[in-house]
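First comes the structure, then the notes that go with it.
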Amino acid sequence: MVKNGGLSICHGSSSFVLSPPPLFPIRRNFYLLAQATAAPPPSRTQRIMESISVSGGEVGGAGGSYSYNSLKRLDSLWSTLFSHSPVVQEPQQVVSNIPGIFSESEQAAKCGGDDVFDVVVCGGTLGIFIATALSSKGLRVGIVEKSILKGREQDWNISRKELLELVEVGVLTEDDIVSVTSASFNPNRCGFEGKGEIWVNDILNLGVSPAKLIDIMRKRFDSLGGVIFEGCSLSNISVYEDSAILQLADGKILSSRLVIDAMGNFSPIVKQIRRGRKPDGMCLVVGSCCRGFKDNITSDVIFSSASVKSVGKSVAQYFWEAFPAGSGPLERTTYMFTYLNPEPGCPLLEELLEDYWDLMPKYQGVSLDDLEVLRVIYGIFPTYRDSPLPAAFDRVLQFGDASGIQSPVSFGGFGSLTRHLGRLSVGIYEAVNSNYLDARSLSLLNPYMPNLSASWLFQRAMSAKMQSDVSPNFINELLYANFQSMQKLGDPVLRPFLQDVIQFGPLVKTLGLVMLNQPLLIPSIFKQASVCVCVFIYFFIYYIMLKIE
């Protein structure tokens, strides 16, 4: 009990009274306690991001978020992917098989004629391309988008040849390409620390405005009779014998013969299919778009300015890309990216950004004080060895990043989309028309691709590891040896590799030259990959399959 400001401790017949300490130490202790429990000061990344006013807000799709809160949410997701949790959380069951025919069920009355489609695409940022292609073939198509369907402010970089493939499919015209191209730049550099530089032309040398491009696609989709459900989240899909029924979060029900999952790398349907499995590899990307660059006419396709370095409890090999931005002559986008094996101790995106603010000015030859940061960019891109992802359910097909069809060494799915859109739009149209909508038939649209398997092993070799028996300069030496060999072999070899298209002929010539010119690199490759002999047997199989393909 408290008595006269002191503390009286009573036990039986004895009583002890503790006098209060002097007033000043009490206040000092409270002050120290407040200091100990106060929030840590904001990081440089937080200060920079919270000082930026982003016009147009955040949109869906990879790289569509710019705020600090979104960065923290993505870091939280990333930390769960690389942590060793003893309990694997069972993913939400989004898709379920229901026996019987939907048209004969009691639920059928709730689905009006306007809510019946041939195809419903979930995820609109890249999904609108396949939706428009299918609409142009006469199918009734709907799009379900959880936010607003519009493109981000940050440019997409692509080569003209890949962009023209959208014209061949019929979703764009050449005039459209002119209107959406915001920047064009040549030459393009590939370089590695202290080794030398290789300059190429017309590789990823166009900046495309996603905001303009998606706006054009949306108007075209509307003109073809397409229907967009914006601000609608998908709750679940019930697959019947005659249709797939989509239940939206607002209670609305849609019926479709086929559902296309274009919800990206973290699609809830993909999580269900993979059963929460940890990715085999990961690409982490951070960067910014800044104003204040005076020398702004060339680009870097890939550049490494340092060897492997420590980051937190791990190590990383940093690579760079840099492009003039289409929004202004003094504005430039710089990306810093790294490949990692998801494991405890991996750095968070915010840790990479703290390194980025230190390293980017030296890399670009500018002072951070002379730049105005317009946007901060970040993303995580998981890769799986068993890609693309076969269809796991009747009437449900993965598309784009959700299918894993993009290259493991790339962090953009737009180029992959342009290369496959023609083939997939024709195949999906035939599947819907001929009613080949079972999982086995749909899996033929995302077949085994040995070039992706070979690319995954390249990513593995480019991932830094905590080991002392491999030189910190090894990755730079290996990549420069490869690029130097490809340059000697000429543009037909170098161009496909830089566009993430691995082919048998160029690959065998490149590896042959590397072994002849740099035979001492071979033992280090085995150490760097840190894999057993069976994985290299797999690589040999992928290599042979490339020849067969």
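Because the structure is predicted, anything quoted here is derived from the model rather than measured. Quick note: residue numbers are just sequence positions, from 1. Every heavy atom of this structure was used, including side-chain atoms; hydrogens, water molecules and symmetry mates were not.
No side-chain heavy atom of Y356 sits less than 4.5 Å from a side-chain heavy atom of Y318. Contact annotation: the side chain of V432 approaches that of L437 to within less than 4.5 Å [non-hydrogen atoms, C-beta and beyond]. For the pair W156/S209, no side-chain contact is recorded, criterion being any heavy-atom separation below 4.5 Å from C-beta on. In this structure, T45 and W357 have side chains that are in contact, with non-hydrogen atoms separated by less than 4.5 Å. Here the side chains of F117 and S255 are not in contact, with every heavy-atom distance at 4.5 Å or above. Side-chain contact between F393 and I273 is present, with at least one heavy-atom pair separated by less than 4.5 Å.
Of the residues listed (T132, V180, L166), the one engaging M217 in a side chain to side chain contact (heavy atoms under 4.5 Å, CB included) is T132, and it is the only one.
Under a 4.0 Å N-O distance rule, the pair D115/K252 qualifies as a salt bridge. One finds a salt bridge joining E350 and K72 here, because a Lys/Arg side-chain nitrogen approaches an Asp/Glu carboxylate oxygen to under 4.0 Å. Look at D386 and R274 and you find a salt bridge, because one of the NZ, NE, NH1 or NH2 atoms lies within 4.0 Å of a carboxylate O, short of that distance. Ion pairing of D176 with K212 is absent here, as no side-chain N (NZ or NE/NH1/NH2) approaches a carboxylate O to less than 4.0 Å. Looking at R152 and D155, no side-chain N of the basic residue comes within less than 4.0 Å of a carboxylate O on the acidic one, giving no salt bridge.
The main-chain N or O of S76 is found under 3.5 Å from a side-chain atom of S79 such that the two form a donor-acceptor pair. Judged by distance alone, the side chain of S182 and the main-chain N or O of G207 form a donor-acceptor pair under 3.5 Å. D280 places a side-chain N or O within 3.5 Å of a backbone atom of R385 that can act as its donor or acceptor partner. Judged by distance alone, with hydrogens and angles left aside, the side-chain atoms of R395 form no donor-acceptor pair with the main-chain N or O of S256 at under 3.5 Å. Side-chain atoms of R140 come within 3.5 Å of backbone N or O of D114 as a donor-acceptor pair. Remark: the backbone N or O of P347 is paired with a side-chain donor or acceptor of W78 at under 3.5 angstrom. Proximity of a side-chain donor or acceptor of D118 to a complementary backbone N or O of L139 within less than 3.5 Å is not detected.
Side-chain contact, E50 with N69: no donor N or O sits under 3.5 Å from an acceptor N or O. Looking only at atom types and distance, the side chain of Q317 has a donor-acceptor partner in the side chain of S304 under 3.5 Å away. Side-chain atoms of S441 and D438 include a donor-acceptor pair closer than 3.5 Å. Side chains of Q93 and Q272: a donor on one and an acceptor on the other come within 3.5 Å. No hydrogens or angles considered: nothing links the side chains of T334 and E321 as a donor-acceptor pair under 3.5 Å.
When all heavy atoms of I216 and S179 are compared, the closest pair comes out as CD1-OG, 3.6 Å. Listed here is the closest heavy atom pair of L352 and M336: O-CE, 3.3 Å.
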Let me check something: any side-chain donor-acceptor pairs from residues 94-104 under 3.5 Å, sequence neighbours excluded? List them with distances.
unit_1 : atom_1 : unit_2 : atom_2 : d
S103   : OG     : D242   : OD2    : 3.3

Contacts under 3.5 angstrom, residues 224-233 side chains, donor-acceptor by atom type, not counting sequence neighbours:
unit_1 : atom_1 : unit_2 : atom_2 : d
E230   : OE1    : R218   : NH2    : 3.1
E230   : OE2    : L149   : N      : 2.8
E230   : OE2    : R218   : NH1    : 2.7

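Rounding to the nearest 0.5 Å gives a distance of 12.0 Å between OG of S243 and CD1 of I237. Taking CZ of F319 as the start and OH of Y339 as the end, the distance is 7.0 Å to the nearest 0.5 Å.
Ring centers of F414 and F129: under 6.0 Å apart, within the cut-off.
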| request: For the pair E162 and R419, evaluate salt bridge (Lys or Arg N to Asp or Glu O under 4.0 Å) and give the outcome as yes or no after the intermediate values. | output: CA-CA 7 Å; E162 293 173 310; R419 291 192 290 270; 2.5 Å; yes
| said: With side chain to side chain contact (heavy atoms under 4.5 Å, CB included) as the criterion, how do L340 and S463 come out once you've worked through the C-alpha distance, each side chain's angles and the decisive distance to 0.1 Å? | reply: CA-CA 5 Å; L340 299 169; S463 303; 5.8 Å; no
